[in-house]
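This report concerns only the one structure given below.
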Amino acid sequence: MNLLQDRLRISSTEITDTIEHEISIAKEYLNIAQIRMDMEVDIVWNCPDELLTKQIPKNLLQPILENCFKHGLYDLESGMVRGRITISFYEKDRYLCIEIADDGVGFSEEFLDKFYHRIESVNTRGRHIGLRNIADRLKFLYPDIEMPLKPENVISHGAKITLTVM
């Protein structure tokens with residue numbers, strides 16, 4: 001109940017929250033997800049203490065974590081969610097970066113092509129809208145950042161999303 005109440009605590013003047021609070025909400029979501037799904041997932045949080053009080057837009061972490069489970073770590077054969085997700089926060093130049101990486105199947109080349117070229121077809125409508133919505137919201141909030149949400153495949157195995165905010 002706290003998770004839902006908190007996520008609805010948003011207004012035109014209250015669109016950000018501290019990294020510390022967003023992490024706590026993401027951890028509540030992870031607890032619920034572990035009850036709902038058959039999961040063997042290691043979650044690694046890398047956030048220096050000095051960044052915990054920095055503000056980020058609300059509702060960034062949970063939808064991306066959900067995508068990791070549904071699209072990256074879900075094993076069709078066993079019906080289990082298995083793997084590792086690493087969430088890292090760091091500063092680069094004047095920006096705050098958030099990387100969410102998993103060791104799952106990675107993004108299809110078709111998805112990456114459509115994402116980067118903003119191509120939408122009848123076959124893709126309604127799919128991956130979480131990432132597109134976050135990308136659009138970040139672009140609205142940070143119009144000077146060329147690509148505030150960047151999905152890519154990890155060379156060894158898996159996917160990574162880098163969020164860049166101010």
Side-chain angles (χ1 to χ4, degrees), residues 3 6-10 12 14-30 33 41 43-48 51-74 81 83-121 123-166:
L3 179 65
D6 185 81
R7 297 300 78 187
L8 295 174
R9 185 183 54 85
I10 192 166
S12 60
E14 192 179 0
I15 60 171
T16 64
D17 216 331
T18 64
I19 289 174
E20 182 173 36
H21 191 257
E22 286 297 299
I23 289 172
S24 73
I25 292 300
K27 287 180 177 180
E28 279 190 49
Y29 165 74
L30 293 169
V41 179
I43 309 288
V44 178
W45 296 93
N46 297 318
C47 185
L51 295 183
L52 290 173
T53 58
K54 297 274 186 182
Q55 296 282 317
I56 60 172
K58 289 183 178 184
N59 303 320
L60 288 184
L61 301 178
Q62 182 274 326
I64 296 173
L65 291 170
E66 187 172 348
N67 274 4
C68 291
F69 298 146
K70 286 181 160 181
H71 303 292
L73 302 178
Y74 181 74
V81 179
R84 180 185 194 98
I85 299 172
T86 304
I87 304 104
S88 302
F89 299 82
Y90 59 92
E91 291 181 299
K92 182 178 179 182
D93 301 322
R94 63 175 211 234
Y95 300 109
L96 174 64
C97 299
I98 306 163
E99 283 184 3
I100 302 163
D102 68 49
D103 62 356
V105 298
F107 294 110
S108 72
E109 291 304 318
E110 177 188 19
F111 166 77
L112 291 174
D113 187 52
K114 288 179 179 181
F115 184 89
Y116 283 111
H117 295 100
R118 296 200 57 89
I119 299 168
E120 189 163 335
S121 69
N123 295 336
T124 59
R125 279 199 192 118
R127 295 178 58 215
H128 301 291
I129 61 171
L131 289 182
R132 176 58 61 207
N133 287 342
I134 292 170
D136 290 345
R137 186 163 52 111
L138 290 175
K139 194 63 180 164
F140 176 78
L141 293 171
Y142 308 105
D144 295 336
I145 300 175
E146 185 178 337
M147 185 162 289
L149 186 150
K150 182 181 177 187
E152 59 190 315
N153 284 321
V154 177
I155 292 174
S156 59
H157 197 51
K160 176 174 74 170
I161 293 186
T162 304
L163 306 167
T164 304
V165 299
M166 294 183 139

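Along the sequence shown, residues carry numbers from 1.
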List the atom of Asp102, the atom of Gly104, and the distance in Å for their closest heavy-atom pair.
OD1-N, 2.8 Å
Using every non-hydrogen atom in the two residues, find where Asp103 and Arg84 come nearest and quote the distance to one decimal.
OD1-N, 2.9 Å
From [atom1] ([X]) to [atom2] ([Y]), nearest 0.5 Å:
X      : Y      : atom1 : atom2 : answer
His21  : Asp17  : NE2   : CG    : 5.0 Å
His157 : Ile155 : NE2   : CD1   : 14.0 Å
Thr18  : Ile56  : OG1   : CD1   : 8.0 Å
Ile100 : Thr86  : CD1   : OG1   : 10.5 Å
Phe89  : Glu20  : CZ    : CD    : 11.0 Å
Leu73  : Leu65  : CG    : CG    : 10.0 Å

Do [X] and [Y] come within less than 4.5 Å of each other through their side chains, counting heavy atoms only?
X      : Y      : value
Thr53  : Ile19  : no
Ile85  : Trp45  : no
Pro57  : Tyr142 : yes
Ile98  : Thr164 : no
Ile25  : Leu61  : no
Ile15  : Arg137 : no
Leu60  : Ile134 : yes
Leu163 : Tyr95  : no

For residues 144-154, which side-chain N or O atoms pair as donor and acceptor with protein atoms under 3.5 Å away, sequence neighbours left out?
unit_1: Asn153; atom_1: OD1; unit_2: Phe107; atom_2: N; d: 2.5
unit_1: Asn153; atom_1: ND2; unit_2: Phe107; atom_2: O; d: 2.9

Does NZ in Lys70 sit with more than 12 non-hydrogen atoms of other residues, nucleotides or ligands closer than 6.0 Å?
no
Looking at Lys54 and Glu91, does any basic side-chain N land under 4.0 Å from a carboxylate oxygen?
yes
Glu22 side chain to Lys58 main-chain N or O, any donor-acceptor pair under 3.5 Å?
no
Report yes or no: does His71 contribute a side-chain atom to a donor-acceptor pair with the main-chain N or O of Asn67 at less than 3.5 Å?
no
side-chain hydrogen bond (donor to acceptor under 3.5 Å, both in side chains) against Asp93, all qualifying residues, sequence neighbours excluded:
none
